[in-house]
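These notes concern the structure reproduced below.
Residue numbers begin at 1 in each chain, while the letters A, B, ... track the order of the sequences.
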Amino acid sequence: MEGWETVIGLEVHAELATATKLFSGARNEFGGDPNTHIDPVSLGLPGSLPVLNEKAVELAIRVGLALNCRVQPSEFARKNYFYPDMPKGFQISQYDQPINGEGWLELPDGRRIGIERAHLEEDTGKSTHVGGGGRIHEANYSLVDYNRAGVPLIEIVGMPDLRCAEDARAYVAELRAILVAIGASDGKMEEGSMRVDCNVSVRPVGVEELGTRCEVKNINSLRSLGRAIEYEARRQVDLLTSGRRIEQQTRHWNEEDGRTHKLRSKEEAFDYRYFPEPDLVPVVPSQEWIDEIRSAMPMLPRERRSRLAGAAGVQTGAAALTVERGLDDLAVDSIGRGADAARVLVHIENNLADGHGALTADSFAALVAMETGRDLTATQAKTVLADLVESGGDPAAIAATHGFEAMDTSLIEELVDDLIARHPDDWAAFVDGDEKERKKKSGFFVGQIMKSTRGQADGRVVNQILDRRAGGPARQD
Amino acid sequence: MSTGAGGMALAMAAAVRSGERSARSVVEEHLAVIAGREDEIHAFNLVAGDAALERADLLDRSIGAGDDPGPLAGVPVALKDNMCVRGVPTTCSSRILEGWRPPYDATVVEHLSAAGAVVIGKTNMDEFAMGSSTENSAFGITRNPLDATRVPGGSSGGSAAAVAAGFAPLALGSDTGGSIRQPAALCGVVGVKPTYGAVSRYGLVAFASSLDQIGPFATSVADAALLLEVIAGHDPLDSTSIPAAAPDLLGVLGRGVEGLRIGIIEELSGSGPRSLEGIAPDVQARLAEAAAALEAAGATVEQTSVPFTVYGLSAYYVIAPAEASSNLARYDGVRYGLRVEAGNAVDMNTATRTAGFGDEVKRRIMLGTYALSAGYYDAYYGKSQKVRTLIIEDFLRAYESYDLLLSPTAPTTAFPIGAKTADPMLMYLNDVCTIPSNLAGHPSMSVPFGVGDDGMPVGVQVLAPANSEPTMFRAAAVLEAAAGGGAS
């Protein structure tokens with residue numbers, strides 16, 4: 001790929017977290033028995049008419065504001081094509097007048113990726129084609145579930161500003177974090193509530209003009225997004241370097257074989273015959289409403305990362321995981337109560353993957369203080385933390401019920417000496433080994449001590465004793 | 001009631017409400033008329049005799065208990081077969097809806113129920129309301145009760161014929177390009193297309209959504225006013241519904257036209273250099289007499305030009321098929337109605353639509369699909385929308401000088417069955433006078449005014465600005481009185 005540049009633009013569909021569908025009162029909820037979240041409008045029954053869900057408009061405006069878009073008067077249009085899971089034979093979408101015009105998204109490293117538009121549309125149902133490889137034309141029969149039909153979607157169309165798979169993944173991850181943070185969507189790619197279509201083209205480095213693009217569909221995870229982009233870019237470069245041309249196509253990512261496959265060419269593309277949806281009136285949100293939505297917007301991940309980074313005295317990158325887990329309020333508050341920032345972030349990374357449960361900033365700060373004051377070892381602190389998450393309470397009291405107290409250093413020294421005596425070969429390897437070998441052996445010795453003290457010894461103290469006994473730290477070769 | 005003109009439905013409801021006669025006797029009487037002539041006329045796709053009698057008994061019991069069922073107590077109403085009634089087959093006179101029973105009531109049906117009306121049947125129509133003679137029904141033609149060799153007009157021909165034949169004193173139709181007013185004119189009854197958005201479209205099977213509007217048929221202006229008052233009003237289930245209460249019409253019927261300024265649309269009058277051709281001389285003559293009657297009642301009447309109305313027909317035959325091509329896409333055999341089995345879902349879809357739709361419907365789906373296609377959109381759909389805007393502006397300009405406008409409803413009286421079926425363009429021309437109101441979204445109505453050389457009724461069309469139904473009905477009442485109609 002030397003000498004080539006990949007150009008990527010993403011179209012992300014996210015289901016909006018409303019209680020009901022975009023144009024009717026049927027439930028918007030993942031799962032459920034097939035065809036249970038339906039009503040005359042979701043089924044497109046004759047005579048039924050759409051009525052716009054105001055909450056969906058509000059969430060769409062939130063998305064627009066979070067992506068720095070121009071929120072503007074908009075209209076719905078009909079996108080016409082036949083498919084069994086599309087009950088009306090058309091999808092109600094927005095075409096030339098989307099609710100959100102141009103904006104941008106800032107990646108964690110500060111680069112801005114342009115947003116072309118973010119518009120409202122309804123989702124389709126789900127088809128299952130049984131037999132014939134799952135294709136509609138060859139299937140023995142087809143089943144349709146309309147539970148998803150009419151669920152509100154926001155389609156966020158990005159500019160072709162991304163240049164590599166890694167950036168594309170960062171973009172989607174950040175977009176997902178934003179959507180979750182503002183309550184617009186649950187962003188679950190695995191449940192299909194967030195879906196990514198990817199436009200890829202390549203061009204020789206230094207060339208301004210964009211190459212012919214292909215759109216890749218059926219990307220169901222961040223991992224497959226990266227793989228699909230890399231495969232597709234490689235495919236295009238191979239074609240061009242062997243003197244052939246790129247045909248504009250829609251392609252299908254196949255997770256199993258790790259390749260993209262042609263769905264249709266530009267000539268075979270559907271003519272959607274868009275025209276203004278006559279059953280709906282234009283959406284003209286008042287400035288007062290937009291201001292009201294803006295003032296109620298929660299802090300965005302970008303702002304939360306820099307807030308935490310400021311409080312913890314670290315780079316925003318180190319704060320990212322904490323924000324992603326939604327534990328930045330806890331971290332900032334705990335650090336504000338005097339807890340050691342590094343210990344706080346370590347606990348969040350290692351011990352709070354499933355959230356903070358009943359743990360409060362007060363008890364978290366108290367626990368970390370006990371740990372840094374050597375009243376608890378790291379292992380003990382982890383045990384107490386788990387209890388706090390489970391049921392809350394006072395860390396000192398919980399430590400007492402576990403019988404945790406800092407062990408006397410002299411007692412640990414005795415145990416270490418005893419251990420050395422019983423394992424002379426390991427000890428020799430520790431003393432004479434290089435840094436790598438010593439680390440391996442220290443792991444063994446610390447592990448043994450921890451085992452015999454049931455975690456009550458402080459690992460740092462054990463290491464200090466080992467170093468002292470060996471006559472200093474590892475030799476530097 | 002402040003009008004001099006009587007109303008058959010008004011009198012019926014008054015008698016039922018006062019206990020003077022039972023709802024059952026009213027319904028039985030109409031079922032007897034239907035039994036006597038329906039085989040010949042074929043106004044109905046379905047006569048709901050048992051359900052109507054059951055409903056009448058329920059009303060009679062509630063009246064006996066001292067309740068007032070409402071302004072249409074015991075009055076039979078015929079519904080065009082494109083309006084949904086829970087559990088009752090709704091066919092749009094198309095095979096493609098075979099076997100479908102809606103799980104809900106149209107908003108107008110709820111209004112009728114709340115007013116004490118009795119739905120007596122579902123009336124025949126041109127398939128999906130596409131036609132001007134009710135000859136495009138999949139279930140056979142409807143005949144004009146005044147001369148069974150002639151058409152009743154369309155597409156709401158069954159509703160017009162039902163009222164004209166005395167099968168029901170009231171009926172509802174839908175009007176996309178004249179489908180209430182033209183059959184009203186051809187059958188000699190009153191027919192109203194209200195302002196777009198005045199009556200909810202929820203539960204009306206769509207033909208062309210931006211043009212469709214439900215409205216009443218009646219034997220008198222007063223009865224039409226009564227029915228419109230019942231069905232109009234804001235509906236949150238229809239986003240295009242006007243957020244206002246139903247207008248008071250019965251209260252203003254007797255106010256006359258003294259001081260009103262009324263313009264005859266030269267382009268649609270048949271006379272004058274700007275007029276379209278094809279308006280029959282006898283129709284022109286009745287229009288002139290109607291104008292004279294309004295003048296005699298104190299209005300100022302003069303000819304005026306509304307130039308873009310002549311392009312209405314062309315614009316309509318792009319916009320309406322375009323919307324229809326999309327609205328009718330849902331009939332794919334997957335969820336309801338006809339399904340013709342085939343090897344897979346795609347082939348099943350094609351087979352179903354091929355078998356389920358009639359020729360006129362297919363013609364319009366193709367027209368509309370073409371007009372919306374990439375590369376043709378601007379030339380057809382885009383251009384037609386511009387013409388539509390010009391027509392609206394034209395009307396608004398005219399209404400700066402006039403309170404109401406006047407034209408014939410249809411170019412001719414009812415024509416013989418089969419006379420225009422071979423030539424779609426000839427059939428389309430029937431709606432040349434009525435289409436401009438649909439494009440503008442303005443109300444207009446047809447009032448019977450004398451007969452043509454063939455003895456068949458002529459309708460005069462009164463047009464009004466948006467939401468000016470009260471003024472429109474005042475003029476209609478004057479015309480009715482002058483024509484000697486509205487007898488009760």
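Taking 4.0 Å as the cut-off between side-chain N and carboxylate O, A:Arg78 and B:Glu323 do not count as a salt-bridged pair. Comment: B:Lys122 engages B:Asp81 in a salt bridge, judged by a side-chain N to carboxylate O separation of less than 4.0 angstrom.
Of the atoms belonging to A:Asp279, heavy atoms from both backbone and side chain fall under 4.5 Å from chain B. Residue B:Leu97 touches chain A through its side chain alone, counting heavy-atom pairs closer than 4.5 Å. Residue A:Phe82 touches chain B through its side chain alone, counting heavy-atom pairs closer than 4.5 Å. Looking at B:Tyr202, both its backbone and its side chain come within 4.5 Å of chain A, counting heavy atoms on both sides. Of the atoms belonging to B:Phe207, not a single heavy atom falls under 4.5 Å from chain A. Looking at A:Tyr272, neither its backbone nor its side chain comes within 4.5 Å of chain B, counting heavy atoms on both sides. No part of B:Ala208 comes within reach of chain A, as not one of its non-hydrogen atoms sits under 4.5 angstrom from that chain. In this structure, the portions of A:Ser48 lying under 4.5 Å from any heavy atom of chain B include both its backbone and its side chain.
For the options B:Ser326, B:Ser200, B:Ala345, B:Ser325, heavy-atom pairs under 4.5 Å to chain A are most numerous at B:Ser326. Residue with the most contacts toward chain A among B:Pro102, B:Pro236, B:Pro103, B:Gly203: B:Gly203 (heavy-atom pairs, distance under 4.5 Å). The candidate with the highest count of non-hydrogen atom pairs below 4.5 Å against chain B, out of A:Ser142, A:Pro50, A:Pro276, A:Pro87, is A:Pro87. If you tally non-hydrogen atom pairs under 4.5 Å between each of B:Asn82, B:Asp332, B:Asp347, B:Asp238 and chain A, the highest count goes to B:Asp238. With chain A as partner, the option from B:Leu211, B:Thr90, B:Leu328, B:Asn327 having the largest number of non-hydrogen pairs under 4.5 angstrom is B:Asn327. By number of non-hydrogen pairs under 4.5 angstrom with chain B, the leading residue of A:Leu43, A:Asn140, A:Val144, A:Leu280 is A:Leu43.
Residues A:Cys198 and A:Glu11 form no side-chain contact, since every pair of their non-hydrogen atoms from C-beta on lies 4.5 Å or further apart. A:Asn28 places none of its side-chain heavy atoms less than 4.5 Å from the side chain of A:His37. The shortest distance between side-chain heavy atoms of B:Met348 and B:Val334 falls below 4.5 Å.
Using a 4.5 Å heavy-atom cut-off against chain A, the contacting residues of residues 365-382 of chain B are B:Thr369, B:Leu372, B:Ser373, B:Ala374, B:Tyr377, B:Tyr381.
Between B:Cys92 and B:Met125, the shortest heavy-atom distance links the atoms CA-SD, 3.6 Å. When all heavy atoms of A:Asn100 and A:Cys69 are compared, the closest pair comes out as CB-CB, 3.8 Å. Across every non-hydrogen atom of B:Phe357 and B:Ser94, the tightest pair is CD2-OG, 4.3 Å. Scanning both residues, B:Ser93 and B:Phe139, for their nearest heavy atoms gives CA-CE1, 3.5 Å.
The only member of A:Arg148, A:Lys88, A:Lys21 that meets salt bridge (Lys or Arg N to Asp or Glu O under 4.0 Å) when paired with A:Glu122 is A:Lys88. When A:Gln94, A:Lys79, A:His13 are each tested for a side-chain hydrogen bond (donor to acceptor under 3.5 Å, both in side chains) with A:Glu121, only one passes: A:His13.
Other residues, nucleotides and ligands place more than 12 heavy atoms under 6.0 Å from the CZ atom of B:Arg339. Within 6.0 Å of atom CD in A:Glu54, 12 or fewer heavy atoms from other residues, nucleotides or ligands are found, so the atom counts as exposed in its surroundings.
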